[in-house]
Colleague: 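The structure is given below, and queries will be raised subsequently.
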Number of protein chains: 2
Amino acid sequence: MSDTTATDGRVIGERALQTRRRILETTAALLREQGALDLKVMDVAREVGASPATFYQYFADVEDAIFALSVEMIEKVAPIHAQMAADWNEGATGLDHARRLVSEYTDFWDVNGAVLRIMLLRADERDERFRQIRRDYNAPFMTAMVAKVRSAQDSGRLTTALDAEATAGAMLAALDRLPNYREGFEKRGTSREAMIETVARLLYSSLTGAPLS
Amino acid sequence: MSDTTATDGRVIGERALQTRRRILETTAALLREQGALDLKVMDVAREVGASPATFYQYFADVEDAIFALSVEMIEKVAPIHAQMAADWNEGATGLDHARRLVSEYTDFWDVNGAVLRIMLLRADERDERFRQIRRDYNAPFMTAMVAKVRSAQDSGRLTTALDAEATAGAMLAALDRLPNYREGFEKRGTSREAMIETVARLLYSSLTGAPLS
DNA sequence: TCGTCTATCTGACGGATTGTCAGAACTGAA
DNA sequence: TTCAGTTCTGACAATCCGTCAGATAGACGA
């Protein structure tokens, strides 16, 4: 059922699986180097050292390959989800837990940003299949954060004027966009650590109602 | 100096200016409809009813046209900057001012999101000229917010453990990404108003140190 | 009105990319 | 080695890219 298939639908074997993987890794590498807007099937095929026809055997176009890479992001991010769930379920969420989450997620962005950016872009551009992936990718973060907000609201530590989903979304937005600003920050004297500390505190405050003063 | 030029550098006249404008509007429209990844020069030329050669007379490629649209975003967003500056300079920043800012900026995203997304994408992908535009586009927001944070920190209402730039950046991140999640939010019962209220409160709290409880 | 000058636009071209076959090359099993 | 199934590719038509030289349109003076 979850077997990997070629574009004609047939299940593929070991050799083909390796070819497919080489195509994916090359796509990811070129995406990092030159961005998505002028990434051609030809570029990938040349770099892989295969005929363009080979590419089309596994993917409909470059976007389709990026889609496959996006699907893989869900598994790749799972350890961060797991860590977060483990931390947050053992009782009170501490600032240290927030720091660890922000730090690990920032590292994740540094490695996988090129793919994540296109996943978010295509979802933002209303492509339904990318939206589905974005949902699956975000869901564990959102669920955990929404629960934290609701819990803080129930115990009166956080105002109910905040919408739980929107609050979680805003924090996710910060986590997803700030790594992209890091270079600019560093040029102006804000270190990676300072950024992580700041986001961690904003996150902690928004989810628990702890004051920022 | 600031005259609009063709790709060969010559300053263009009235008729050409109209053609250039039609190309830009068409590019923006197609960008909204079908996204950026498979937007061809041919598509734009066909829609405009002109030869592809006419397109190349004004822009090097589709990305170059989107760049020109991005440059225009700076002027287009200026009224929001102005409103913000006017509100925030008359003394204490109120929650109402934050609400207005978030509301207007969300509307701005609803209209110009297609272009803004590519501007941010290309800047995130390290394209220097888009980075310059992103800086110019963000600078007034950042400057104003950073000043608010510093002021709140100086008067002891906000912890100095927050980095001012990173705090402002995090809020800008929320403003820039949340409009993209609105459809999903609405499907799950979070209205536009609830989203705006939430972001406004998070913004207000982060910039002034006011508690969220 | 007419011709002339200049700005603007385009047909047409060589070259590159896309996407699709039929068949070649490879692989493992017998 | 042969064979059957799998994987890969050369070659092709269609499309797109990017660039000219030359066609067209508009302004202006006679």
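Just so we're clear, the structure is a prediction, and the values are computed from it rather than from any experiment. Letters go in sequence order (proteins before strands), and every chain restarts at 1.
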Colleague: Could you check how far CG of B:L17 sits from P of C:dC9, rounded to whole Å?
Modeller: 11 Å

Colleague: Base, sugar-phosphate, or nothing for B:R46, non-hydrogen atoms under 4.0 angstrom?
Modeller: sugar-phosphate

Colleague: Using only side-chain N and O atoms of B:T19, determine if any of them is under 4.0 Å from OP1 or OP2 of C:dT8.
Modeller: no

Colleague: Using modelled atom types only, decide if a donor and an acceptor are shared between the side chain of B:S205 and the backbone of B:R201 within a distance under 3.5 Å.
Modeller: no

Colleague: Any side-chain heavy-atom pair from A:D61 and A:D64 closer than 4.5 angstrom?
Modeller: yes

Colleague: Can you identify which nucleotide, out of C:dC9, D:dT7, C:dT18, has its nearest atom closest to the A:R10 side chain?
Modeller: D:dT7

Colleague: Mind listing the closest non-hydrogen atom pair of B:P179 and B:A174 along with its distance?
Modeller: CD-O, 4.1 Å

Colleague: Figure out the CD/P separation between B:Q18 and C:dA7, and round it to whole Å.
Modeller: 17 Å

Colleague: Could you state the CZ-C1' distance from A:R22 to D:dC8, rounded to the nearest angstrom?
Modeller: 11 Å

Colleague: Rounded off to whole Å, could you give me the CD-to-P distance for the A:E14 and D:dC8 pair?
Modeller: 12 Å

Colleague: Near DNA chain D, counting only heavy atoms under 4.0 Å, which residues of residues 49-68 of chain A show up?
Modeller: A:A50, A:S51, A:A53, A:T54, A:Q57, A:Y58

Colleague: Taking side chain as C-beta onward, heavy atoms only, is B:F59 less than 4.5 Å from B:V41?
Modeller: no

Colleague: If you assign B:R15 and B:M42 each to the DNA chain D nucleotide with the nearest heavy atom, which residue ends up on the more 5' nucleotide?
Modeller: B:M42

Colleague: Would you call the rings of A:F141 and A:H81 parallel, tilted or perpendicular, taking 30° and 60° as the class edges?
Modeller: perpendicular

Colleague: Could you check how far NZ of B:K40 sits from P of D:dC17, rounded to whole Å?
Modeller: 6 Å

Colleague: Short question: side chain of A:Q34, backbone of A:D38 - any donor-acceptor pair under 3.5 Å?
Modeller: yes

Colleague: Find the distance A:D43:CG to C:dT18:C1' and express it as a whole number of Å.
Modeller: 13 Å

